[in-house]
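The block underneath contains the structure these notes are about, expressed in structure tokens.
Throughout, protein chains are lettered first and strands after them, A, B, ... in sequence-line order, and every chain is numbered starting at 1.
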There are 2 protein chains.
Amino acid sequence: MLQTEKPKYQKLKEYIIQMIQAKELNAGDKIFSENELAERFDISRHTIRQAFSELVNEGWLYKVQGKGTFVNREPGVRVKGAKTIGVITTYLNDYIFPAIIRGVYDVLSEKGYNIALNCTYNRHEKERLCLENLLEQNIAGLIVEPTKSALPNPNIDLYKRFSTQGIPILFIHGCYRELEYSYIVEDDTEAGYMATKHLIDLGHERIAGIFKIDDIQGHYRFSGFQKAHLEAGLSISDSRIIWFETDDQDIKFKIGGTHIQDLLAQCSAVVCYNDQIALKVMDILREKGLSIPDTLSLVSFDDSQLAQASEVKLTTVAHPKERLGEEAGRSILNMIDRVQDYYDIKMQPELIIRGSTENWIGGIKNE
Amino acid sequence: MLQTEKPKYQKLKEYIIQMIQAKELNAGDKIFSENELAERFDISRHTIRQAFSELVNEGWLYKVQGKGTFVNREPGVRVKGAKTIGVITTYLNDYIFPAIIRGVYDVLSEKGYNIALNCTYNRHEKERLCLENLLEQNIAGLIVEPTKSALPNPNIDLYKRFSTQGIPILFIHGCYRELEYSYIVEDDTEAGYMATKHLIDLGHERIAGIFKIDDIQGHYRFSGFQKAHLEAGLSISDSRIIWFETDDQDIKFKIGGTHIQDLLAQCSAVVCYNDQIALKVMDILREKGLSIPDTLSLVSFDDSQLAQASEVKLTTVAHPKERLGEEAGRSILNMIDRVQDYYDIKMQPELIIRGSTENWIGGIKNE
DNA sequence: AACGCTCACTTGTGCGTACAACTTGAGGAT
DNA sequence: ATCCTCAAGTTGTACGCACAAGTGAGCGTT
């Protein structure tokens, strides 16, 4: 006895798909009529129609009554996967977000992918909504800037749902410690080290630090701050470190309970968590009539647009921003195409020396 | 004679869809068997199968051989409309783009809509690619910041394709003169007028102007500049007006062929196209050792983050930014829901007086 | 109680027919 | 040259039949 054979309409389907793939039938070509095929293969017209009906549904063919059946413009396109990448950021602000998005967009748009933008405002509830929203979409991959990355995350379950659906996830800018997902980050410890070492090399010994407590980046930058001190044999006084949170509104006058002016009076230099904090510090100093870098040297992070907007340009450790975005775009595409499954990239920051630390060597103005 | 009636299988389809929507048939329920329906409605089983086949394809039903036909878990999900709004901007930069996107995002995410982000880099070729890309997507509406809005647009044909597909388009920030589409813009003429009048009120008579030539906003702001002069009985000298283009790289040293320092030497105030230009002008003045506002008063537009980053804070005509984004989000949703088909909103700008024009009254420093 | 068999019922495959609706081009009438 | 009609060819709708294949409940045997 013969093995159960495939149904006739199935064989006809495969035959036609093969012809299309072999370019014997091209886009827009008229295909044999139903009657012709019925006669040629000695099959009933009904069976032909069954095969055609499925081919139409799968996007290979289309029919026009009275004219005939034709090969679709891009046969089998609908069979291909989604062409959208979900992107979740913490803020949609004027800081480094635009540069990162630009990097991601440039790479993805090149390959015909789209970006579905979402934002958490650094709140776990919003993060949950974003994830639920994207789960309903048909996305091919997910790029996430983690929300409050230093705190435990209540949305792990949702992240895992993406994984079980085979949707790759890539974290940028930071990552959750609980998850072993791919990430691309700036080497924040190194950045903190570079900033602090620069000040120490200039001869500073009493250096203040202002760091953010609820993002993992703040912890790492502080860690580099410590490392540079340790290496130089300098001690770190807790009283010179200020920690602040996302929600601190009155950051201008006191940070984490300590009045900035009191702190700065004891020091000759300060490491600011980012350019925004640096500008706020500069405003306070200006009010007091203190000059930079003569009275106080100042280093910050990120090299945002703000770093060059002030009268004294900021010495800052440049975040790779746009390059990081591009790298993230390339990586998520590779993960989708299964070229590589896992990434743990630390990008090197770069120290950019400008006016806020120039001319200060060993406490003596150098001109 | 009767009008041509709908085919039987169509009527059967609609009947079943109705029953599902009316919850008479629920997810997972087993539906009548083919034979039962055939007998009940006195239709051939073949016709029933035709209707069922389409319902399966559209996701309403699924079949299991030997068991029966069942209602799908989320019947008609694919039938629902798209929940994505295409957004096309000219740049993804640190200026007012983040605020606008934030406004749009806040409104749309509230209603469960997603943003598909695109960017033209102010080039018509890129704009074309974005539009072609979004045409292939299943978007519900389109928000566009026009590319080179003062120039004729070569992509009108693509914009019209959206309209013929019933996808509403809303322009923000400017609009193409060739198209009669909905738009939401800042009243740039009024903004130009407010900025200039403020200087005239302070006693300035020789006022320079720097404007962008290839965006329609530049034209309008200049038009307000003219209006204020006319109203005050002051003449405008062409030699005090500088036009620049998107692509001008060396804007710092000369703008449109004219050296800035030569120009500014003749004037007591300058209207700058935006905050970015204003900061560049401030840098030039700082190099020359000239002070603001004593030597030169300065007004700009947009009230971006930059306006408060410099040592002398900028007097600027605030762009509605975030409010404009929110308004755009609300409007496109109304257009999708057919609540209102057409919008032509001009939002009023607001003059914010800061250090760059303070203390200058009639040429005498007022302290 | 466990197992296997049968049978009724379901959907799947396949054949046949007929006529309706639509497209197109050829040929005739104007 | 233009318009109209009609016929041939195409897909669409609708009916009929038969048997294959999978499911599950009921029955009887073990």
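Summarising the geometry of A:I332 relative to A:P168, their closest heavy-atom pair is CD1-O, 3.8 Å, with the distance given to 0.1 Å. Across all non-hydrogen atoms, the minimal contact from A:P146 to A:T90 is O-CG2, 3.3 Å.
You'll find that the side chain of A:T69 is closest to D:dT11, out of D:dT13, C:dT13, D:dT11. With distances taken from any side-chain atom of B:R45 to the nucleotides D:dA14, D:dA18, C:dA18, the minimum falls on D:dA18. You'll find that the side chain of B:Q50 is closest to D:dT13, out of C:dT10, D:dC15, D:dT13.
The separation between B:F70 atom CZ and C:dT11 atom C1' is 11 Å, rounded to whole Å. Rounded to an integer number of Å, the gap from CD of B:E36 to C1' of C:dA8 is 15 Å. The nearest whole Å value for the distance from the CD1 atom in A:I43 to the C1' atom in C:dC15 is 11 Å. To the nearest angstrom, P of C:dC15 lies 11 Å from CG of A:L12. The NE2-P distance, from A:H46 to C:dA18, rounds to 16 Å in whole Å. Protein atom OH of A:Y9 is 13 Å distant from nucleotide atom P of C:dC15, rounded to whole Å. With rounding to whole Å, B:E34 atom CD is found 14 Å from D:dA21 atom C1'. In this structure, B:N35 atom CG and D:dC17 atom P are separated by 12 Å, rounded to whole Å.
Phosphate proximity of C:dC15 to A:T47: present, with a side-chain N or O under 4.0 Å from OP1 or OP2. Taking 4.0 angstrom as the limit, A:K63 places none of its side-chain polar atoms (N or O) nearer than this to OP1 or OP2 of D:dT10.
Remark: A:K83 qualifies as a cation-pi partner of A:Y113 under the 6.0 Å distance and 45° angle criteria applied to the six-membered ring.
Enclosure of atom CG in A:D42 is not indicated, since only 12 or fewer non-hydrogen atoms of other residues, nucleotides or ligands lie within 6.0 angstrom. No more than 12 heavy atoms of other residues, nucleotides or ligands shown are found within 6.0 angstrom of CD on A:E110.
Applying the side-chain hydrogen bond (donor to acceptor under 3.5 Å, both in side chains) rule to B:N155 yields the partners B:E127, B:R128; only residues at least two apart in sequence or on another chain are considered.
Counting non-hydrogen atoms under 4.0 angstrom, A:F52 reaches nothing in the nucleic acid.
Between the side chain of A:R49 and the base of C:dG14 there is no donor-acceptor pair of N/O atoms closer than 3.5 Å.
Residues A:D344 and A:Y181 have side chains that never bring a donor and an acceptor to within less than 3.5 angstrom of each other.
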Nucleotide N/O to protein N/O under 3.5 Å, stretch nucleotides 6-9 of chain D:
residue : atom : partner : partner atom : Å
D:dG9   : N2   : A:G66   : O            : 3.0

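Taking the six-membered ring for Trp and the full ring otherwise, the centers of A:F171 and A:Y343 sit at least 6.0 Å from each other. Taking the centre of each ring, B:Y15 and B:F41 come in below the 6.0 Å mark.
Between A:K63 and A:E34, at least one side-chain N (NZ, or NE/NH1/NH2) sits under 4.0 Å from a carboxylate O, which counts as a salt bridge.
Counting only Watson-Crick and G-U wobble pairs whose two key distances fall under 3.5 Å, DNA chain D forms stems of three or more stacked pairs at C:1-30 with D:1-30.
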